[in-house]
Amino acid sequence: MVEDEGVEMEAEGGSQGGVPFQLQFDKPIPSQVKIAEWNPEKDLLAMVTEDNKIILHRFNWQRLWALFPGKGITSLCWRPDGKAIALGLDDGTISLHDVENGKLLRAVKTHSVAVICLNWEEVAQTKEENNLYSYEDRTMRIPRMRGLGSGDSGLTDDSEDSFQELSNCSYQRFNVLCSGDKDGCICFSAFGIFQMGKINIRNLSISTPALDDMTDKLRNASIQKVALSKTLCQLIVLCSGEVVGDIIRTHDEYVFKDDGFVEVGGSGPYFGSSTGLHCMLLNTSIFLSRKNELHQVAQQASNIDHLIEVIRESLSLMSKQWFSAMTSFNEKFSLLSSLIISHGGLDWNPQDEFLSLLFGARTSPPLHQFLVNSLGEAGLKRVSKAVCGAGKELHVIIHEHLQPAVETMGFRVGELRGLSRWHSRFQNIGLDERLIENATEKTGMFLVQVERFARVLTVVIQLFQNFFNWVSKCIKILMPEPTDQIQQPNSELVVLFLKYIFDQDPVGQFLENSDGNHSIVANPDTTKQIEELVAFGGFSDTGFLERTLSMEFDQLEQCFKEAFLMPFATVSKKIYCEDFLSLFPSPASTISTLNVPTSISYYKDDFDDVSNCETSLPCLLDYICFRIPDESLHMANCIGILKGLTCNSSSTNKGSTSLAALVLRIPEGYRCVDLSLYKENQLILLLSESISFENLGQSWMMMLQMNSLPFVSISRAFLGNLWNLHELKGSAVELNLSRGKVRCIPHMPPEVWLLFSLHGNMHWFISWTRMKMKFLIWNEISTFPTDRNSKQKGLRLNEWLNV
């Protein structure tokens, strides 16, 4: 291919004068849009504005909802079925929202820095695939607690329906959410909610099919884009960073050292650098080979994570309500201690005053003043309502939320226990039987503690009610007022209350936070009986009598973390670098801010050597497209396109390669502003025209058919030149704007355009500096000049385009 040969797109037959792109409408927007994605199943467009709001619109511009997550939004993507949307935030959190109303389904902090990119893919269904390992999930769902606002938890806005839709994986094909951050970390989550792997590309050894002993690494790597294959077997990662290592190799004109390639006699300012944009191919075949096992573990583990959040919310709300009630009680009854001291009773306490009154002694002046003036009937009613009301609320939380959650957790961990004993299948993903056994025991122990706490709460509330009745009767006698309507109090219960409850609060001991060294004083006889029961089997832990609910919950949560960490670590270790290709160099000073238009997609291809031997899934060929900076590789105004990276790495013959590439040179006077790969093997380019005194500038939208481009095979037999695309400089293809599917847009674009597509005909969304949004639809019935060999029929663009 000679340098001056141009690419002229084959046009469809028909008459001239067709308009390939038609303007549907343009709409004003309140703020500049920085990210946008079409729903994969519906005509819904999710947009993120510069003020970090996400807005969902239909194509007819009907707004469905808008929300502000309170943090900066740095990325977004749709779930494959289009029913949920994932947002990457600047603090490393990934939040999942319901497409119907924007409700928060789950927020998980999987990264420590901003999430740069997201990609959500599900495995393609095969005809041979059966449902042997899938079953219907019929376990109960825990309703949301009253009194807990949506801001009190990172779980959901309305968890009952939303989380059921998110976590019920029985009816979903296995899917994986990939997320990458600027520190080089990539996280993998099954169904977007169960984190099953995490790697940092800075720690991976770079590998290529030609060099199996490569020991290089990528320093200061930052993720630009990730794209998981439809089979979930491979992940393409576009990343910036510096290639470093201890290998020194020579090849003709280039020498590679730790500080990069040095071109002998070269004059390029950055060509001798090993810093730039790179393409890394990761092997993620474990997602496909163990998808049934990962599906089941993710289903049970994600529901256990949800139940842990329900338990956490329950304990938090119970603690908040009970300590609020105890604060009201102590504020009122502590006045009696002050009155006793003021009357000179230094050796006397409130319990002694109440016991003296209970056993028939005359009312002392401080007690009389307290009951009649300080407390009174109204004050007693308020305190009684606060304490007894809190007791009722705690009973509701226990019986409707806490206890069902723990019982359901017992069922879930029982399922995991059975799976962990299937060693031949589940040991390969790290499901450890011993750790699951520990989690099972802790779940049972926590259920015992909940039932124990419920009994203690019942007794304490009964003692409080009896004490309040007795105090009310005493106040009426002192007023004096009739006491016929007051329930006769039990004197023995009043004594028990004054001795064990008045200043000890056993309920509060159970609800104490685990931050301090709080513990429950256990009865020695009860402890001895529990130790004797261990000999008959059952739980071996006898120290639970001294632990609070929070301490027990912390141990339960830690057991599950350890149990789920094993699959996480096992899966992470099985993800490795399968291939590596450097795209173009960039100065180290600008690598942290490197931002060029890129696009990755997978298309069907007819090559004989492109086959998927591992699965019966249809084979797709990967395409990677990017704009090459003007100062890189001695190439100005060029676009690079790669195809077949995934197929090249899976080739059994290391000497052969299916990797091909192409360099497109944009005509002088134009600049590529944005690009996007479309589903029908098409590449869309947005070009801006240079501004001159006579020409104020305009833009062009052009469609290229990928399978008609003259790709050139790239040799990968040895490392040689780090920047392989430099080999294609001499065969760069000139882009010919006088042919093809082109549309002129009589406006200059801003620095950032947004180019997206929708199912069916092609819809394009462009963001303008003047806050206008233009929607253009590709007119498939439009026609263009057909005889590209005749200069007479090679009409000028403005003769057959409606500008």
Any side-chain donor paired with an acceptor under 3.5 Å for Trp422 and Ser424? yes
Closest heavy-atom contact between [X] and [Y]?
X	Y	result
Glu41	Pro80	OE2-O, 3.8 Å
Lys53	Ile73	C-CD1, 4.3 Å
Cys185	Ile223	O-CG1, 4.1 Å
His111	Asp181	ND1-OD2, 2.7 Å
Asn119	Leu228	OD1-N, 2.8 Å
Gln321	Ala390	O-CB, 3.9 Å

Could you grab the distance from atom [atom1] of [X] to atom [atom2] of [Y], nearest 0.5 Å is fine?
X	Y	atom1	atom2	answer
Ile461	Asn466	CD1	CG	12.5 Å
Leu419	Leu431	CG	CG	6.5 Å
Leu118	Glu37	CG	CD	9.5 Å
Thr408	His306	OG1	NE2	9.0 Å
Arg412	Asn303	CZ	CG	3.5 Å
Thr443	Leu556	OG1	CG	5.0 Å

Evaluate the ring planes of [X] and [Y], with Trp represented by its six-membered ring, and classify them as parallel (under 30°), tilted (30 to 60°) or perpendicular (over 60°).
X	Y	answer
Phe467	Phe502	perpendicular
His395	His399	parallel
Phe468	Phe333	tilted

Any side-chain heavy atom of [X] within less than 4.5 Å of one from [Y]?
X	Y	result
Leu232	Phe174	yes
Phe354	Val494	no
Trp65	Ile54	yes
Val123	Phe287	no
Val507	Phe453	yes
Lys442	Gln558	no
Glu415	Gln296	no
Val99	Ile85	no

Evaluate the ring pair (Phe, Tyr, Trp, His ring centres under 6.0 Å) criterion for residues Phe564 and Phe568: first the C-alpha distance (whole Å), next the side-chain angles of each, then the deciding distance (0.1 Å), finally the verdict. CA-CA 6 Å; Phe564 296 154; Phe568 175 84; over 10 Å; no
Atom OH of residue position Tyr500 - does it have more than 12 heavy atoms of other residues, nucleotides or ligands inside 6.0 Å? no
For Lys109, is the NZ atom crowded, meaning more than 12 foreign heavy atoms sit under 6.0 Å from it? yes
List the steps and the verdict of side chain to side chain contact (heavy atoms under 4.5 Å, CB included) for Leu375 and Val471. CA-CA 10 Å; Leu375 182 61; Val471 173; 4.0 Å; yes
Return yes if some donor-acceptor pair links the side-chain N/O of [X] with the main-chain N/O of [Y] below 3.5 Å, else return no.
X	Y	result
Glu512	Ser550	no
Thr93	Val108	no
Ser289	Ser285	yes
Asn175	Arg173	yes
Asn39	Gly82	yes

Under the salt bridge (charged side-chain N to carboxylate O under 4.0 Å, His left out) rule, collect the residues that match up with Arg434, sequence neighbours excluded. none
Give me the one residue out of Ile398, Leu402, Val396 that meets side chain to side chain contact (heavy atoms under 4.5 Å, CB included) with Glu400. Val396
How far apart are the C-alpha atoms of Ile186 and Ile575, what are their side-chain angles, what is the distance that settles it, and do they pass the side chain to side chain contact (heavy atoms under 4.5 Å, CB included) test? CA-CA 11 Å; Ile186 303 176; Ile575 299 173; over 6 Å; no
Mind running side-chain hydrogen bond (donor to acceptor under 3.5 Å, both in side chains) on Glu293 and Asn428 for me, showing each step along the way? CA-CA 9 Å; Glu293 293 85 348; Asn428 291 322; over 6 Å; no
Side-chain donor/acceptor pairs under 3.5 Å, residues 187-199, sequence neighbours excluded:
from	atom 1	to	atom 2	distance (Å)
Lys198	NZ	Thr110	O	3.2

Side chain to side chain contact (heavy atoms under 4.5 Å, CB included) between His401 and Glu313, worked out: CA-CA 9 Å; His401 302 278; Glu313 292 180 11; over 6 Å; no
Identify, with sequence neighbours excluded, every residue that meets ring pair (Phe, Tyr, Trp, His ring centres under 6.0 Å) alongside Phe446. none
With sequence neighbours left out, what residues match Glu451 under side chain to side chain contact (heavy atoms under 4.5 Å, CB included)? Gln403, Leu447, Arg455
Test of understanding: with side chain to side chain contact (heavy atoms under 4.5 Å, CB included), list the residues that count as partners of Arg417, not counting sequence neighbours. Arg421, Ile436, Glu437, Thr440
Cationic N near anionic O, under 4.0 Å, Arg312 to Glu309: yes
With a cut-off of 3.5 Å and sequence neighbours excluded, list every side-chain donor-acceptor pair involving residues 322-331.
from	atom 1	to	atom 2	distance (Å)
Trp322	NE1	Asp505	OD1	3.0
Trp322	NE1	Asp505	OD2	3.4
Thr327	OG1	Phe323	O	2.7
Ser328	OG	Ser324	O	3.4
Asn330	ND2	Met326	O	3.0

